[in-house]
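The sequence lines fix the lettering, A, B, ..., with proteins before strands; numbering per chain opens at 1. These numbers were taken from a predicted model, which means no experiment stands behind them.
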Amino acid sequence: MYLEFVNQVVSVLENAVQRAGFEPVEIAPEPSQHADLSSRVAFKLAAVVRKSPVEVANQIVENVQLRKNCLIESIGTTGPYINIKASRTYIDRTFETVRSKKEDFGGNFYSGKILLEHTSANPNGPLHVGHIRNSIIGDTLTRILRKTGYDVDAQYYVNDMGRQIAIVSWALEHFEMDPDLKSDHAIANVYIKANARLEDNPQLVEHIDNLMQLVESGDEEVIKRFDDAVDLAVKGIRSTLLRMNVHHDSFVNESGFVRSGEVSDIVDKIRKTGRTYVDDGALVVDLSDYGFEKTLVVQRSDGTSLYTTRDLAYHEWKARQADRIIDILGADHKLISGQLKATLNAVGLKEPEIVIFEFVSLPEGSMSTRRGQFITADELLDKVQARAFEEVEKRRPEMSPEFMKEVAGMVGIGAVRYDIIKVSPEKSTVFDWKAALDFEKQGGPFIQYSHARASSILKKAGEEGIWDPASKPNASVLTDESEITLIKQIALFDKVLKQAADDLKPHIIAIYGRDLADAFNQFYRFSPVLGAETEELRNARLGLVDCARIALANVLDTLGMGAPESM
RNA sequence: GGGCCCGUGGCUUAGCCAGGAUAUAGCACCGGGCUUCUAACCCGGUGGUCGUGGGUUCAAAUCCCACCGGGUCCGCCA
């Protein structure tokens with residue numbers, strides 16, 4: 001409904017601009033605190049026609065012609081600003097649309113296939129609090145893009161043949177795995193020990209190199225050892241992801257591209273561009289015309305492939321699967337992803353869209369699996385959920401332990417996901433236990449609580465026999481400020497979905513969710529539902545609560561957060 | 001040394017790409033609100049040279065330049 005409203009406003013104002021005798025300009029209306037939509041075209045035109053912006057705005061508005069029953073109530077001016085007010089039709093139709101579409105409310109204006117890769121952490125240990133920023137951005141974007149209508153395939157690219165994995169494989173033969181630990185945690189422990197051993201005995205590096213060569217050449221026994229190591233780590237990583245409600249459609253192994261010959265194919269294609277030369281035994285690509293001073297190594301001097309080479313092959317394959325390719329990567333990949341795009345461009349392949357997020361570090365410095373300096377996602381989730389359990393126990397002592405556990409699970413995951421997704425990806429952050437375990441702020445649980453409140457009213461009304469979910473109340477009796485504000489806020493869902501999808505910025509949805517919950521809580525405070533003065537008003541308000549419940553549930557789902565009916 | 005990102009009240013943060021109406025919200029702090037649909041809530045208040053200095057513009061948190069502070073990257077790791 002919002003997008004339709006914008007289209008009507010643009011169309012009406014474009015006509016008015018023409019009738020006023022001005023040249024065509026972009027209307028670009030945006031919501032403002034002064035009106036439902038506001039346009040600043042008068043400023044732009046004023047510079048061209050050498051009149052004052054106020055005069056231009058008035059001339060445009062004088063030429064506005066509104067149809068009856070459209071979504072626009074009125075168009076006026078405040079100084080140079082053109083302010084647009086939405087009509088009753090807009091309010092009523094939003095109300096009806098939400099209730100008829102339910103969980104399908106919002107989005108569905110795009111189509112096409114997207115292949116989105118995220119997380120793809122090395123299988124040398126558990127996910128830590130830095131990795132999950134990638135997972136949560138990736139999973140939330142996947143949900144946003146699906147909501148807007150795209151068919152999205154979420155993939156995890158498994159590095160099953162790099163140096164790190166060679167070290168893990170070697171480590172498993174020289175150190176005992178702790179059987180009491182989750183497999184990915186146990187892998188990290190032996191991996192850390194192996195790295196310490198390597199540091200003291202540099203001659204072992206040659207042995208690791210040899211393992212990598214054997215894997216690349218297809219030595220079945222060494223491959224099996226690598227695969228076993230990778231499986232152990234991936235199994236643990238996968239369970240952590242699912243615990244966070246992060247879902248991948250497929251896990252793609254790097255080694256597949258070596259064995260299928262696609263890696264050597266892409267190397268040949270790059271060679272044919274004439275950009276390659278041998279430097280110190282390694283094959284490098286010259287990308288200086290793309291602005292990269294440093295060349296890109298695509299083959300080691302011993303002939304084996306690198307992560308980058310295999311990634312190029314992976315992207316060639318991706319390009320055949322989808323209309324758009326999106327990669328979620330940490331800031332440390334900025335240079336290499338630029339080189340990857342340039343190389344793909346040079347061989348005439350579709351380039352990925354890269355979403356970069358800045359680092360999460362610890363107060364004592366950056367995280368490192370190799371040095372054993374990290375906080376695992378599992379530890380964070382354990383502590384947050386334990387903290388959430390205490391909170392439910394305190395607030396709902398009458399409920400069953402099962403209820404408490406279920407709610408604590410949802411609230412804990414919701415709090416973590418929200419805290420991570422609400423911040424723009426380009427901000428680097430420092431992990432802080434105190435902040436991570438603090439629920440007293442307007443975060444994920446705040447939105448979930450609003451949903452629980454809405455559900456609770458509907459449940460009670462149902463029990464009292466005064467609410468039929470299939471009924472179609474008359475929305476036009478909703479005239480309180482808090483009611484109108486809430487409906488308009490619900491209507492904005494399409495706008496934020498579109499913007500988040502267009503800009504690939506998931507935090508926009510998080511901010512919206514908080515504003516939506518805020519609008520509902522104000523309505524809750526100011527407009528009694530079950531105790532409304534008349535039956536007609538009560539029914540309309542129940543309908544509005546249902547709209548809010550649906551909108552909140554859709555937002556929560558888009559953010560990958562649970563929507564509790566009670567908490 | 002060079003490239004990229006960030007710098008907004010005590011702390012966290014939106015707005016910056018597409019410059020315009022009193023700069024967004026939370027935490028903390030101060031005051032008020034549960035005989036009423038869940039107070040994980042609501043209402044009000046204190047608090048900001050938008051890192052610094054220049055420039056462009058009728059208008060700059062937003063664009064340009066320089067500098068300062070933090071992060072990150074700079075070929076055979078990923």
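With rounding to whole Å, Met161(A) atom CE is found 10 Å from rA78(B) atom P. Rounded to a whole Å, the CG atom of Leu516(A) is 21 Å from the P atom of rU24(B). The interatomic distance linking Leu335(A) (CG) with rC5(B) (P) rounds to 13 Å, in whole Å. Look at OH on Tyr449(A): it is 10 Å from C1' on rC42(B), rounded to the nearest Å. The interatomic distance linking Arg525(A) (CZ) with rC42(B) (C1') rounds to 6 Å, in whole Å. If you take CD of Glu426(A) and P of rC4(B), they are 16 Å apart, rounded to a whole angstrom. When rounded to the nearest whole Å, the span between CG of Asp332(A) and C1' of rG3(B) equals 15 Å.
An anti orientation is assigned to rG54(B), its glycosidic angle lying beyond 90° of 0.
Note: Asp515(A) CG to Phe520(A) CZ = 15.5 Å, rounded to the nearest 0.5 Å. Atom-to-atom distance recorded for His131(A):NE2 and Ile136(A):CD1 is 13.0 Å, nearest 0.5 angstrom.
For rA59(B) and rA21(B), the P atoms lie 14 Å apart once the distance is rounded to whole Å. Taking the P atoms as reference points, rU24(B) lies 31 Å from rG71(B), given to the whole Å. Separation of the C1' atoms belonging to rA39(B) and rG33(B) is 9 Å when rounded to the nearest angstrom. Taking the P atoms as reference points, rG53(B) lies 24 Å from rA14(B), given to the whole Å. With both ends at atom P, the span from rC64(B) to rC76(B) equals 34 Å, rounded to whole Å. Here, rC50(B) and rA60(B) have their C1' atoms 11 Å apart, quoted to the whole Å. Distance check on atom C1': rC63(B) versus rG19(B) gives 7 Å, rounded to whole Å. Nucleotides rU36(B) and rA40(B) have their P atoms positioned 14 Å apart, rounded to a whole Å.
Pair assignment for rG19(B) gives none, since no Watson-Crick or G-U wobble pairing has each distance under 3.5 Å. rC37(B) is unpaired under the criterion used here, namely a Watson-Crick or G-U wobble arrangement in which both key atom distances are under 3.5 Å.
Under the 3.5 Å distance criterion, the side-chain polar atoms of Arg453(A) are left unmatched by any main-chain donor or acceptor of Gln448(A). Side-chain N or O atoms of Asn521(A) include one that pairs as donor or acceptor with a backbone N or O of Ala517(A) at under 3.5 Å.
Defined by atom type and a distance below 3.5 Å, a donor-acceptor pair is missing between the side-chain atoms of Thr295(A) and Asp286(A).
Aromatic pair Phe43(A)/Tyr81(A): ring centres closer than 6.0 Å.
Base contact: Ala452(A) has a heavy atom under 4.0 Å from a base atom. Asp279(A) comes within contact range of at least one nucleobase, with a heavy-atom separation under 4.0 Å. Within 4.0 Å of Glu26(A), counting heavy atoms only, lies no atom of the nucleic acid at all. Using a 4.0 Å heavy-atom distance criterion, Lys294(A) is classed as a sugar-phosphate-only contact. Residue contacts for Val298(A): at a heavy-atom cut-off of 4.0 Å it reaches no nucleic acid atom on any strand shown. Across all strands shown, Val545(A) has no heavy atoms under 4.0 Å from either base or sugar-phosphate atoms. Note on Asp280(A): a base of the nucleic acid sits closer than 4.0 angstrom, heavy atoms only. Looking at heavy-atom distances under 4.0 Å, His333(A) makes contact with a base. Looking at heavy-atom distances under 4.0 Å, Asp286(A) makes no contact with the nucleic acid at all.
Listed pair Arg514(A) / rC27(B) fails the phosphate criterion, with no side-chain N or O lying under 4.0 Å from OP1 or OP2. Within the structure, a side-chain polar atom (N or O) of Lys427(A) is placed less than 4.0 Å from OP1 or OP2 of rA14(B). In terms of phosphate contacts, Ser456(A) brings a side-chain nitrogen or oxygen within less than 4.0 Å of OP1 or OP2 of rU38(B).
The side-chain hydrogen bond (donor to acceptor under 3.5 Å, both in side chains) search around Arg417(A) returns Asp139(A), Thr140(A), not counting sequence neighbours.
Phe359(A) does not qualify as a stacking partner of the rG71(B) base, lacking a centre-to-centre distance under 5.5 Å together with planes within 30°. Stacking is found between Phe43(A) and the pyrimidine-like six-membered ring of the rG20(B) base under the 5.5 Å centre-distance and 30° plane-angle cut-offs.
Summary of the strand contacts: Phe446(A) and Glu358(A) both lie near RNA chain B, and taking for each the nucleotide with the nearest heavy atom, the more 5' one is attributed to Glu358(A).
Listed candidates were rA21(B), rU72(B), rU38(B). Nearest to the side chain of Ser366(A) is rU72(B). The listed nucleotides are rG2(B), rA40(B), rC77(B); the one nearest the side chain of Arg163(A) is rC77(B).
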